[in-house]
Amino acid sequence: MIVILKDHAKQEQIDKLKAFLMQLGLRIDESKGDHSTILGLVGDTTRVDADLIASLDAVEAVRRVQEPYKKANRKFHPEDSVIDCGGVQVGGGLFQIIAGPCSVETEEQIITVAKAVKEAGATLLRGGAFKPRTSPYAFQGLHADGLRLLKLAKQETGLPIVTEIMDAAHLDLFEDVDVIQVGARNMQNFELLKVLGHTDKPILLKRGLANTIQEWLMSAEYIMAGGNDRVILCERGIRTYETATRNTLDLSSVPVLKEKTHLPVLIDPSHATGVAKLVKPMAMAATACGADGLMIEVHNDPKNALCDGAQSLTPEQFADVVRRVKAIREVVQN
């Protein structure tokens, strides 16, 4: 990180700034020019509040030489991370498909869907027990009972389960969950991320509705800074001015993330588009651009689903998607 001082900065201001920075354990390399002075900061600059420094009267600008995220950064971890999710390996050139209903509704529904998606080729089962909904009158999920039904579906199929947590107070209920999902609305719920950083479970971190890639990676950093490095990123589309789809699927995030981080990257074409007929082409495109896997919503009766039926595939449609994706994988790998 470098700090560019104003031309008229007083020596007393500069001395106070340097003393403050040295208290943070940083070494300062000072370079004086004809019209400006630059302080080069060497050390762990993650503790430096760049906005605070930039607001000081003596400071013209602050520039980061390296990204503020360290543990998620590929520069410090060149090899791809492979995350064990209940016996299923995610990342490192492997390709996994998470599938299941948006929300768990009944025992018959979740077990029927679980068996169908496993037969079609899914390797993990998704299903919402706690559902964040825009309307307070919409179905909010079965909560603890939903988690119980997911456990039954796992016993029937052997598929590891992925489900979303809404509140750190619910963590004890997630003992039998294989992968804890942090939804888009909670991507910057930093207190929740800190708590999850002290768990030993894989965390599937979805991108926020309108967050940059760096903000997303900084959220991953929150989890990893707590000691849990088992983080999987999931792109689910971002909000733009376009209204033809629910969100705008940012497929360019995959190659960008592959350059910036060692963490696995999945794509959720269901939430990204919000339209069932668009899921297949976007799933195929996500596979072609190098994603480590997909997360797809599947329901045995989408028209009567209690949540997001418009974007849910039938088991038959899902099986077709899996066939197409496998064909593309063969081409991409060759």
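Start at 1 with the first residue, then count along the sequence. Just the heavy atoms: all of them, side chains too, but no hydrogens, waters or symmetry mates, feed the values below.
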| field | Leu294 versus Ala286, closest heavy-atom pair with distance | value | CD2-CB, 3.8 Å

| said: Can you confirm whether Thr163 sits close enough to Val179 that some side-chain heavy atom of one is under 4.5 Å from a side-chain heavy atom of the other? | reply: no

| said: Within the 4.5 Å heavy-atom criterion, are Ile232 and Cys85 side-chain neighbours or not? | reply: yes

| request: Any chance you could measure Arg185, atom CZ, to Glu164, atom CD, to the nearest 0.5 Å? | output: 8.0 Å

| said: Within a 6.0 Å radius of atom NZ on Lys75, are there more than 12 heavy atoms belonging to other residues, nucleotides or ligands? | reply: yes

| query | Say you draw a straight line from CE of Met1 to CZ of Arg64; how long is it, rounded to the nearest 0.5 Å? | reply | 3.5 Å

| said: With a 4.5 Å cut-off on side-chain heavy atoms, are Ile4 and Leu39 touching? | reply: no

| field | Heavy-atom side-chain proximity of Glu235 to Leu249 below 4.5 angstrom | value | yes

| Quick one: are Glu156 and Leu152 in side-chain contact, heavy atoms under 4.5 Å? | no

| field | Heavy-atom pair with the smallest gap, counting every atom of Leu94 and Arg329 | value | C-NH2, 4.2 Å

| Under a single-linkage definition using a 4.5 Å side-chain heavy-atom cutoff for Ile, Leu, Val, Met, Phe, Trp and Tyr, are Leu196 and Val177 assigned to the same hydrophobic cluster? | yes

| said: Assess, by modelled atom type and distance only, whether the side chains of Gln89 and Asp84 contain a donor and an acceptor separated by less than 3.5 Å. | reply: yes

| Say you draw a straight line from CD of Gln13 to CG of Asp57; how long is it, rounded to the nearest 0.5 Å? | 6.0 Å

| Given Phe130, which of Asp167, Leu173, Leu142, Ile165 fulfils the side-chain contact (heavy atoms from CB on, under 4.5 Å) condition? | Leu173

| note | Taken to the nearest 0.5 Å, the spacing of Thr199 OG1 from Ile223 CD1 works out to 8.0 Å

| remark: Taking every heavy atom of Arg74 against every heavy atom of Lys258, the minimum-distance pair comes out as NE-O, 2.7 Å

| Could you give the distance from CD1 (Ile98) to SG (Cys234), rounded to the nearest 0.5 Å? | 7.0 Å

| Side chains of Asp292 and Gln96, donor plus acceptor under 3.5 Å | no

| said: Tell me the closest heavy-atom pair linking Asn228 and Arg230, and the distance in Å. | reply: OD1-N, 3.0 Å

| Shortest non-hydrogen contact from Cys289 to Val254? | O-CG1, 3.6 Å

| task | Output yes when Lys201 and Asp178 qualify as a salt bridge under the 4.0 Å nitrogen-oxygen rule, no when they do not. | result | no

| request: Measure the shortest side-chain to side-chain distance between Val182 and Ile203 over non-hydrogen atoms and say whether it is less than 4.5 angstrom. | output: yes

| Between Gln181 and Met295, is any pair of side-chain heavy atoms under 4.5 Å apart? | yes

| said: With clusters defined by side-chain heavy atoms of hydrophobic residues (ILVMFWY) lying less than 4.5 Å apart, directly or transitively, does Phe190 cluster with Tyr69? | reply: yes

| message | Ignoring hydrogens, what is the shortest heavy-atom contact between Pro315 and Asn300? Give both atom names and the distance. | response | CD-CA, 4.1 Å

| field | From CA spacing to verdict: side chain to side chain donor-acceptor pair (under 3.5 Å), Gln140, Arg133 | value | CA-CA 7 Å; Gln140 305 289 315; Arg133 305 299 299 277; over 6 Å; no

| Are Lys10 and Asp15 within salt-bridge range, i.e. N to O under 4.0 Å? | no

| Side chains of Pro101 and Val298: does their closest heavy-atom pair fall under 4.5 Å? | no

| task | Check whether the side chains of Asp268 and His271 place a donor and an acceptor atom closer than 3.5 Å, and report yes or no. | result | yes

